Novice: 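I have a structure I would like to understand better, so I am pasting it below and will then ask my questions one at a time.
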Amino acid sequence: MKVVMLMFDTLRRNQLPSYNSGAQALPNFERLAQKTVRFDNFYVGSMPCMPARRDLHTGRLNFLHRSWGPLEPFDDSIFEIMKKNGVYSHLITDHQHYWEDGGATYHNRYSSYEFIRGQEGDLWKARIGFTGAEKLDSWKSAEPLRRNMILHDQINRSYIRREADYPQARCYQAGLEFLVENCRQDNWLLQIESFDPHEPFYVPDRFKAMVDPALLHNEDDWPEYSSTERINNPEKIKNNGKHYQALMLMCDEYLGKILDFFDEHDMWRDTMLVVNTDHGFMLGEKEWSGKSVMPVYNEIAHVPFFIWDPRSALAGEACSELAQMHDLSVTLLDAFGLQKTPRMTGESLLPVLAQHKQKRQEIIFGYFGAHVSITDGRYVYMRGSHTPENKPLYEYTLMPVHMRRMFNVDELRNATLHPGFSFTQGAPLLKIPGSAGFYSSYAHGNLLFDLACDPHQEQPLFDPETEAALLCKLSQALVEAQAPADEWMRLGIPLNPDEINAAFIIKEHKERARILNDYLGPLAGTEMHPDTRALLLEIAVCDDGKRFLCELHQCHKGKLNRRDVVAFYERGEYAAEIYSLFNKPY
């Protein structure tokens, strides 16, 4: 058996014609759909980039125990298992997060790997004194870490002079070279992992011209992770979508090069092809841009997935089975006749293809410390924190590093030793107080959507009976995922499922209204974006915060937005602590 896996980053489902007939023409993605089985209910698991890749390696979810971080010493890696069993795996990627502190243990699990430099803020080239980023609006409005990424990205671009120099082009060229060299060999897996179409949406001009010639004069192609209210630039939001479309045209063309190779060398006969992604992206929907700073709506969570298995030989069909990244892990092992380990909770998709066996009734997904979401394919229920403080919340790890740095001494000072879970194979863990990071799930509340009636998730339901039923299923899913006991407390889920019923849900909603009133006073009932509500919840616990909110209410009528809050502060005399919250990065 041979496997080629094309892994895109940030591939949006509704941008593909096979999922959305109104999408722009992408002939090679359409051709792909005719050559493979398209999954219609594939969802993310752990979010975002490296947590998703930990799911891929380990065959289990990790977001309930850990934020962004490396593979742990006790983790199973399917690529390590393949290597030990005579299956050669080769990674080709321009995904620069593999070479940061929080991703440094992943690529060495493969038999070999190639790293293509230059994507995003990759710390690649050095040009001291470079000033080419200051002209960009995205740089002007950024906080220091993001400014440094934008600066390095602009430096990197100054070394990319031809289309062949673009990281995606180099990834696919290296992939084709591997195939030329090895396509007649057996027992190998090739993972071509392109960071595109992840932002920044950096793409050759010829693709921009296909979407809108005006993009040729628009260099501000790096969207913020933010509410659109905070960005306050409708034209930029619109152009972000166009830049993404242009980059998708490039992705489509380079995908076609692999499909051509399959055709020319008859690889469909004995080679599995997988095309997948880690998550989607929001381009203004529900007044949000990006990911990570908002609930995992379907623009992010509901992702495309295509698979060709030469043994079942199904093509041009759709599958409605619920599936996730950690199911792909077990599927890849199964393709090579290898068994999953007892720690893996994923299920192979090969029996689904061969026998149309349904494996899952529900799945869960989310970010560490944020909403924990569950779907059965029709409903999506997002369970937020029980209180604004979002506690208790702990990191369980033996690898105390974040994305770009180690845990600092202040974080480690309150660490204790936890006996571990069955998947840690007897190893105890550091239990370290954690934080949600980018957004307040409490500011959004618990959200229930009926995708049959509201596919764009624009009208949250108040349906206590359905919410109670999904909460019971969520509680059981947490048990199966071996979630730490503090998750039930953080999410306010009774340990006894018999206590979960419609009356419990109604009581919860009333309690939430009371807590919001305690924090925000009369502003609790004011119409506002959840991003503004999160800001007010932070202000409420500041010195002078209660007075500020009271006087804001007295002077402001109607819908409240973030700019109103900042403008009111600037007209009065209030604590500097409040001002520091206005420019706080997510």
Side-chain angles (χ1 to χ4, degrees), residues 1-5 7 37 39 41-46 50-66 70-91 105-111 187-191 271-274 276 278 305 307-312 319 321-365 420-427 476-483:
M1 173 59 73
K2 296 171 275 195
V3 175
V4 175
M5 180 166 71
M7 187 169 174
V37 175
F39 273 63
N41 276 309
F42 207 93
Y43 274 79
V44 298
S46 303
M50 297 321 292
R53 284 153 183 80
R54 191 173 171 205
D55 283 5
L56 173 64
H57 276 253
T58 65
R60 61 175 298 110
L61 298 168
N62 64 86
F63 77 95
L64 297 167
H65 304 86
R66 186 69 167 91
L71 285 174
E72 301 273 353
F74 50 79
D75 277 344
D76 302 313
S77 168
I78 61 167
F79 304 105
E80 192 90 68
I81 292 169
M82 290 178 191
K83 186 163 43 175
K84 290 177 179 177
N85 285 275
V87 177
Y88 195 98
S89 60
H90 185 63
L91 171 68
T105 55
Y106 290 86
H107 54 281
N108 282 308
R109 310 284 71 78
Y110 297 82
S111 304
N187 261 7
W188 54 257
L189 177 145
L190 170 64
Q191 181 175 334
T271 307
M272 176 179 286
L273 177 65
V274 174
N276 71 324
D278 49 359
F305 180 79
I307 185 169
W308 161 257
D309 177 13
R311 288 166 296 194
S312 63
C319 176
E321 169 72 5
L322 282 166
Q324 297 177 276
M325 183 75 86
H326 63 301
D327 296 317
L328 172 58
S329 317
V330 179
T331 304
L332 294 175
L333 288 180
D334 194 11
F336 291 105
L338 300 175
Q339 297 296 313
K340 71 178 185 179
T341 71
R343 275 82 58 190
M344 294 180 177
T345 56
E347 297 286 348
S348 175
L349 301 176
L350 298 189
V352 176
L353 298 176
Q355 306 161 24
H356 301 283
K357 282 188 176 180
Q358 187 171 359
K359 292 284 188 180
R360 298 187 182 279
Q361 300 298 317
E362 301 90 23
I363 54 175
I364 62 172
F365 54 90
F421 305 88
S422 68
F423 61 84
T424 68
Q425 305 183 62
Q476 181 57 37
L478 293 178
V479 172
E480 293 169 0
Q482 295 185 58

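Treat the numbers as computed from the prediction; the structure is a model and nothing was measured.
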Novice: Can you sort out the partners of Ala477 under side-chain contact (heavy atoms from CB on, under 4.5 Å), two or more places apart, ordered by chain and number?
Specialist: Ile364
Novice: Sequence neighbours excluded, which residues qualify as ring-ring contact (aromatic ring centres under 6.0 Å, His included) partners of His90?
Specialist: Phe178
Novice: What residues, two or more places apart in sequence or in another chain, satisfy side-chain contact (heavy atoms from CB on, under 4.5 Å) together with Thr341?
Specialist: Asp76, Ile81, Arg343, Met344
Novice: Output all residues satisfying salt bridge (Lys or Arg N to Asp or Glu O under 4.0 Å) with Arg109, sequence neighbours left out; order by chain, then residue number.
Specialist: Glu80
Novice: Excluding sequence neighbours, so at least two apart, what forms salt bridge (Lys or Arg N to Asp or Glu O under 4.0 Å) with Arg60?
Specialist: none
Novice: So, using salt bridge (Lys or Arg N to Asp or Glu O under 4.0 Å) as the criterion, who are the partners of Asp309 when residues are at least two apart?
Specialist: Arg311
Novice: Quick one: ring-ring contact (aromatic ring centres under 6.0 Å, His included) partners of Phe421, sequence neighbours excluded?
Specialist: His65, Tyr396, His418, Phe423
Novice: Are side-chain N/O atoms of Thr58 and Asp75 paired as donor and acceptor at under 3.5 Å?
Specialist: no
Novice: Among residues at least two apart in sequence or on other chains, which ones pass salt bridge (Lys or Arg N to Asp or Glu O under 4.0 Å) with Glu321?
Specialist: none
Novice: Going by the rule side chain to side chain donor-acceptor pair (under 3.5 Å), which residues pair with Gln425 if we only count those two or more places apart in sequence or in a different chain?
Specialist: none
Novice: For Phe79, check ring-ring contact (aromatic ring centres under 6.0 Å, His included) against everything at least two apart and list the hits.
Specialist: His57, Tyr110
Novice: Report the residues that fulfil side-chain contact (heavy atoms from CB on, under 4.5 Å) with Asp334, sequence neighbours left out, ordered by chain and then residue number.
Specialist: Ser348, Leu350, Pro351
Novice: Using the test side-chain contact (heavy atoms from CB on, under 4.5 Å), find all partners of Ser329 that sit at least two apart in sequence or belong to another chain.
Specialist: Leu56, Ile78, His326
